[in-house]
Amino acid sequence: MKSVIRTAAGGPEVLRLVERPVPDPGPGEVRVRVHVSGVNPTDWRSRRRALPPGMSEQVPHQDGAGVIEAVGPRVDPARVGQRVWIWEAAWERPWGTAQQYTLVPERHAVALPEHAPFALGAALGVPALTAHRALTVHDGGPGRIAPGTLRGATVLVAGGAGAVGNAAVQLARWAGARVVTTVSSPAKAALARAAGAHRVVDYRTQDAATEIRAFAPEGVDIVVEVAPGANAALDIAVAAQGAVVAYYSGGEDERLSVPVLSSLSANLRWQSVFVYTVPPTAKQQALTDVAAAVDAGALRVGEEAGLPLRRFALERTADAHATLERGVVGRVLIDVA
């Protein structure tokens with residue numbers, strides 16, 4: 001089979017296409033024939049770091065979608081032939097999705113309904129599970145996403161044209177929230193509207209705090225934040241009493257500085273969201289809810305859903321990494337099968 005591997009840290013040039021034997025699943029594992037592999041910012045960032053301890057090479061990419069072709073001991077044989085989406089395939093493991101076949105623990109292959117394209121399945125994983133966590137850490141909240149669970153809540157999504165932002169907008173709308181998002185250009189504003197945002201604010205041409213407060217006079221209850229250091233002042237200015245700012249990203253040297261008294265008096269909570277180490281019960285709830293959203297047609301991809309797809313062949317995986325690293329708008333996918 002064809003596999004993309006890296007044996008060292010570095011730029012996209014460390015990724016090499018090689019031939020490897022098709023692997024056999026071990027106990028509790030499934031072998032998936034990968035149709036589409038998803039590329040995330042965490043994939044190129046981890047590529048720049050040393051390999052995990054004990055690994056001499058690694059196949060990149062956490063997300064993907066395909067068909068289960070074999071199962072190991074302790075896995076129901078009926079799963080053979082099932083369409084699935086894959087999450088965290090390469091987290092502390094050598095087998096990512098940038099190859100024709102991959103091995104994952106059974107739990108990491110979630111059923112993908114027939115009406116959902118493989119491109120959607122490969123675009124879930126990190127973005128959708130991150131968005132779910134950010135939307136469910138509000139004090140007193142339901143802890144789950146389903147129709148009506150966020151009714152009455154107002155959500156601010158920073159960067160609504162990004163992959164996590166897009167998933168957050170769609171999931172929040174499905175759950176009944178009022179959604180406002182910030183963007184940096186008219187093109188990104190069009191994408192955020194396509195995702196379903198009720199109000200879109202271009203922070204480069206509009207006074208973001210004024211516009212958000214006009215949409216939500218009592219303030220926003222949940223902030224899904226991509227740049228906490230840059231946006232802390234805005235988040236404080238528009239937050240409701242008891243709001244949570246759930247931040248999931250930031251630059252290498254970014255620092256979060258929060259004025260104590262204004263945050264204190266509003267009972268604000270600053271919550272970091274690192275999807276790989278989310279508590280197991282919360283992760284399982286996210287898997288259940290995201291699967292239900294997919295089944296209901298509430299999560300979509302493509303320009304018409306606010307998430308353009310940038311597709312590459314497997315042998316161009318290095319180009320895909322370079323494209324994402326430059327900051328392309330949309331979801332970068334590798335067509336494997």
Side-chain angles (χ1 to χ4, degrees), residues 1-20 22 32-49 57-67 83-91 93-104 109 112 116-128 130 159 161-167 187-188 191 194-195 249 299-337:
M1 70 173 182
K2 291 181 172 62
S3 299
V4 172
I5 67 165
R6 72 177 180 107
T7 58
E13 71 279 357
V14 303
L15 300 173
R16 296 187 294 119
L17 186 66
V18 299
E19 287 284 343
R20 289 287 185 268
V22 176
V32 179
R33 183 184 182 194
V34 181
H35 284 243
V36 183
S37 176
V39 192
N40 293 289
T42 55
D43 294 317
W44 67 257
R45 287 172 180 151
S46 63
R47 188 201 67 229
R48 292 185 171 275
R49 296 191 290 269
E57 65 178 49
Q58 186 180 39
V59 177
H61 303 171
Q62 306 291 346
D63 299 340
V67 177
R83 303 170 82 252
V84 294
W85 58 275
I86 300 167
W87 57 280
E88 292 179 25
W91 174 245
R93 289 171 55 84
W95 294 98
T97 63
Q99 57 185 342
Q100 291 178 307
Y101 297 89
T102 194
L103 299 180
V104 292
L112 183 68
F118 287 120
L120 171 60
L124 298 171
V126 170
T130 297
V164 175
N166 175 274
K188 291 181 178 180
L191 293 175
S249 186
L299 281 170
R300 303 170 296 128
V301 293
E303 189 119 13
E304 66 280 5
L307 192 68
L309 302 178
R310 318 294 182 182
R311 307 186 82 142
F312 295 80
L314 184 62
E315 58 267 22
R316 294 188 59 213
T317 297
D319 293 335
H321 275 234
T323 298
L324 184 60
E325 206 164 342
R326 287 194 298 268
V328 67
V329 176
R331 194 69 159 96
V332 174
L333 301 177
I334 306 294
D335 288 310
V336 180

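Sequential numbering from 1 along the given sequence is applied to the chain's residues. Computed from heavy atoms alone, side chains included, the values below leave out hydrogens, waters and symmetry copies.
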Minimum heavy-atom distance between [X] and [Y], given as atom pair plus value:
X	Y	value
Gln99	Val336	O-CG1, 3.4 Å
Ala161	Lys188	CB-CB, 3.7 Å
Gly306	Ala194	N-CB, 3.6 Å
Gln62	Asp43	N-OD1, 3.5 Å
Ala320	Val332	CB-CG1, 3.7 Å
Leu333	Ala119	CD1-CB, 3.8 Å

Atom [atom1] in [X], atom [atom2] in [Y]: separation rounded to 0.5 Å?
X	Y	atom1	atom2	answer
Leu15	Thr7	CG	OG1	10.0 Å
Thr97	Ile334	OG1	CD1	8.5 Å
Thr317	Arg16	OG1	CZ	13.0 Å
Arg33	Arg83	CZ	CZ	13.5 Å
Ser37	Phe312	OG	CZ	12.5 Å

Any heavy-atom pair between the side chains of [Y] and [X] that's under 4.5 Å?
X	Y	value
Arg93	Leu103	yes
Val59	Thr102	no
Leu112	Phe118	yes
Lys2	Glu19	yes
Leu191	Asn166	no
Glu325	Pro12	yes

Has the side chain of [X] got a donor or acceptor atom that lies under 3.5 Å from a matching backbone atom of [Y]?
X	Y	answer
Asp63	Asn40	no
Gln58	Ala90	yes
Arg49	Ala9	no
Arg310	Val329	yes
Arg331	Ala122	yes

For this session: Start with the C-alpha distance between Val67 and Val84, add both sets of side-chain angles, then the distance that settles side chain to side chain contact (heavy atoms under 4.5 Å, CB included), and finish with yes or no.
Result: CA-CA 6 Å; Val67 177; Val84 294; over 6 Å; no
Exercise. Is the shortest side-chain N to carboxylate O distance from Glu57 to Arg6 below 4.0 Å?
Worked result: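 Salt bridge flag = no for Arg6 with Glu57.
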For this session: Using the side chain to side chain contact (heavy atoms under 4.5 Å, CB included) rule, take His61 and His321 through it: C-alpha gap first, then chi angles, then the decisive distance, then the call.
Result: CA-CA 10 Å; His61 303 171; His321 275 234; 2.8 Å; yes
